[in-house]
Enquirer: 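Mind looking over this structure? Questions follow.
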Amino acid sequence: MHLRTLAPPSGAAAVPDSRGINLHQADPTLGRLLTLYLPPDLVLHLAPHLDRLGALAGGALEALALTADRNPPVLHSRTRRGEDAQHIEYHPAYREMERLAFGEYGLAALSHRGGVLGWNAPMPPAAKYAITYLFVQAEFGLCCPVSMTDSLARTLRKFGDPALVARYLPALTSQDLDALSQGAMFMTEQGAGSDVGATAVMAAPQPDGSWRLTGDKWFCSNADAELAMVLARREGAPPGLKGVSLFLLPRSLPDGTANRYRIVRLKDKLGTRSMASGEARLEGATAYLVGDPAAGFKQMADMVNNSRLSNGVRAAGLMRRAVTEALFIAHRRVAFGQRIADMPLMRRQLMKMLLPAEQARSMVFQTAEALRRADAGEEDAYALLRILTPLLKFRACRDARRVTGDAMEVRGGCGYIEEFSDARLLRDAHLGSIWEGTSNIVALDVMRAVQREGSLTVLAAHIRAQLGNGAVLPEALPALERTEGLVIAALDDPALARQAASALYHLASAAALAWEAERLGMPERLAVARLVLRHRLLPRDPLDPEPSTEDAALAPLLADPGALAGMAA
């Protein structure tokens, strides 16, 4: 193919800048996918809200996020008169992002009650995650408190005493920031990270039915939240998990006095700098038992799994933002007389970024739909949710680290400086593989779902149904049989857990992509599904000089997002 030689722009004009791009309009695939996963009237209702959020995420919200990242929270332990009264000072940019997330878009409320964004009923998970997917493309850190507030409300409703729910749920789901109670999760201790059975914080019963908590929590994100779920060991309880109970810890007691715990210091973190994470010392703090005292970890796992799903959503959003930035640059950066988007190696690099981003997006909506069905009590839906959630958290969060790094490389030297979004995306992406369980822990949790919930049988049946038992993507069926064998082998040899979890993720995402392609008439998604199989599952000789076989169907995915969003070239 003959390409005409382009004269490169000079000076600042040579540096593409996507500031002001509408990230919703730049990604028309999102709207198409929502027609599969949401009812038509809700899709229509959400469209203008998503469009406005897309403009904010590429403009004002992005500017707020950059400012908040450069101005992290500050802990003040005393007043200027010497009073022992703690507070965390946040930059006004963070407060404005809170107003948008908790207030205007009601991200912590819309799954729990009607009235958010003018919709008269609680929205299904796919709606919440679609909004989160756009929001996180500008700001990751705040989405942690949003997720924990939403997840705490869910766990409290499921397991809490009715009086406790009545007292605290309205504030957790408020869109009025003056009335809002944000949520947090205080689990981690210095000697008890993933090994929750080693929890050392002690809980002593009180005559009024409350409990007194004593000890240190080592990593408390959203450290000054009004409410936190806390794991603690009951006095006289047996060792291990059976002795660990779940408690609700309020920052202020019902009479308005401060509870007896303090933040020792804030963490100096690689990423999510806008949000306060700290160490807390519980000094006889009053807390309330949640649910069965012998099932504390099992109940907390409900909150953790909801947070793991949210973590996967955020990883998918980070990858989409990275891909959008890379495509925007590639279509505008001129080198050696060509747009770099027309260079074969760059097109290959863009596809290697796009592949995991599209896999993660499909898996987000598949998992959200499984959550909706599980909450409705549909048969086998919980077993499906139970395996899809750790699969998404395990693989998408790892992929996000690589995709955001590759996007930085597309921008070149400018991507390495903090004035653009690339460095912040990369820093934030590294949290996903650690928060709510490291990769090893989550891969083993996939195996636990297979053993305890029979999830492999349910997932395999789900994949076969999406493939039409071979009518769509027939080459996937032999890979499915081999993957099932690998998972069974991993049950006996835990060292295979990561390999087996990756294979399941790639297979499930390829099936989902093919299913979406069939129903939406989108051949580009089928082409991506085939690439997933070819490059992630099927045997390949790494020394075979396989020629590039980029399918013409992929062109819509490699299009200029600036042109799609109506920006001048």
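Note that the coordinates shown come from a computational prediction; the quantities given were computed from them, not determined experimentally.
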Enquirer: Are R525 and E358 within salt-bridge range, i.e. N to O under 4.0 Å?
Expert: yes
Enquirer: For H462 and D380, what are the C-alpha separation, side-chain angles and deciding distance, and is it a side chain to side chain donor-acceptor pair (under 3.5 Å)?
Expert: CA-CA 10 Å; H462 177 72; D380 289 337; over 6 Å; no
Enquirer: Counting N and O atoms only, with roles assigned by atom type, does the side chain of K217 sit under 3.5 Å from a partner on the main chain of M187, one being a donor and the other an acceptor?
Expert: yes
Enquirer: Any donor and acceptor pair, going by atom type alone, linking the side chain of R321 with main-chain N or O of Q137 inside 3.5 Å?
Expert: yes
Enquirer: Looking at R233 and E189, is there a salt bridge between them, counting it only when a charged N and a carboxylate O are closer than 4.0 Å?
Expert: no
Enquirer: Say you draw a straight line from CD1 of I463 to OG of S509; how long is it, rounded to the nearest 0.5 Å?
Expert: 9.0 Å
Enquirer: Report, one line per pair, each donor and acceptor closer than 3.5 Å where one atom sits in a side chain of residues 480-493; sequence neighbours left out.
Expert:
residue : atom : partner : partner atom : Å
T483    : OG1  : A479    : O            : 2.8
E484    : OE1  : R464    : NH2          : 3.0
D493    : OD1  : A495    : N            : 3.2

Enquirer: Hey, could you give me the CZ/CG distance between R402 and L426, rounded to the nearest 0.5 Å?
Expert: 12.5 Å
Enquirer: Do L513 and L526 have side chains that get closer than 4.5 Å, going by heavy atoms?
Expert: no
Enquirer: Determine whether a donor-acceptor pair (N or O, by modelled atom type, separation under 3.5 Å) exists between the side chain of N305 and the backbone of A301.
Expert: yes
Enquirer: Let me have the donor-acceptor pairs involving side chains of residues 404-411, under 3.5 Å, with sequence neighbours excluded, atom names and distances please.
Expert:
residue : atom : partner : partner atom : Å
T404    : OG1  : A400    : O            : 2.7
T404    : OG1  : R401    : O            : 3.2
R411    : NH1  : E325    : OE1          : 3.1
R411    : NH1  : D422    : OD1          : 2.5
R411    : NH1  : D422    : OD2          : 3.4
R411    : NH2  : E325    : OE1          : 2.8

Enquirer: Could you go through the side chain to side chain donor-acceptor pair (under 3.5 Å) check for S502 and R498 one step at a time?
Expert: CA-CA 6 Å; S502 290; R498 292 171 69 108; over 6 Å; no
Enquirer: Does anything in residues 301-311 form a salt bridge (Lys or Arg N to Asp or Glu O under 4.0 Å)? List the pairs, not counting sequence neighbours.
Expert: R154-D302, K158-D302, R308-D445
Enquirer: Does K298 pair with D292 as a salt bridge, N-O distance under 4.0 Å?
Expert: no
Enquirer: For the residue pair D224 / Y90, report whether a side-chain donor-acceptor contact shorter than 3.5 Å exists.
Expert: yes
Enquirer: Mark yes or no: K267 above the aromatic ring of W218, with NZ or CZ under 6.0 Å from the six-membered ring centre and no more than 45 degrees from the axis.
Expert: yes
Enquirer: Below 4.5 Å, heavy atoms only, C-beta onward: do L213 and V230 meet side chain to side chain?
Expert: yes
Enquirer: Would you say the side chain of N222 lies within less than 4.5 Å of the side chain of C144, judging by non-hydrogen atoms?
Expert: no
Enquirer: What I want to find out is whether R530 reaches E475 closely enough, with some N-O distance under 4.0 Å, to be called a salt bridge.
Expert: yes
Enquirer: Taking side-chain contact (heavy atoms from CB on, under 4.5 Å) as the criterion, tell me which of E419, R424, E139, E418 meets it with L66.
Expert: R424
Enquirer: Are any side-chain N or O atoms of D428 and backbone N or O atoms of T272, one a donor and one an acceptor, separated by less than 3.5 Å?
Expert: yes
Enquirer: So, the side chain of K128 versus the backbone of A109: is there a donor-acceptor pair under 3.5 Å, distance only?
Expert: no
Enquirer: With rounding to the nearest 0.5 angstrom, report the CZ to NE2 distance, R540 to H535.
Expert: 5.0 Å
Enquirer: How many angstroms lie between CD in E369 and OH in Y129, if you round to the nearest 0.5 Å?
Expert: 13.0 Å
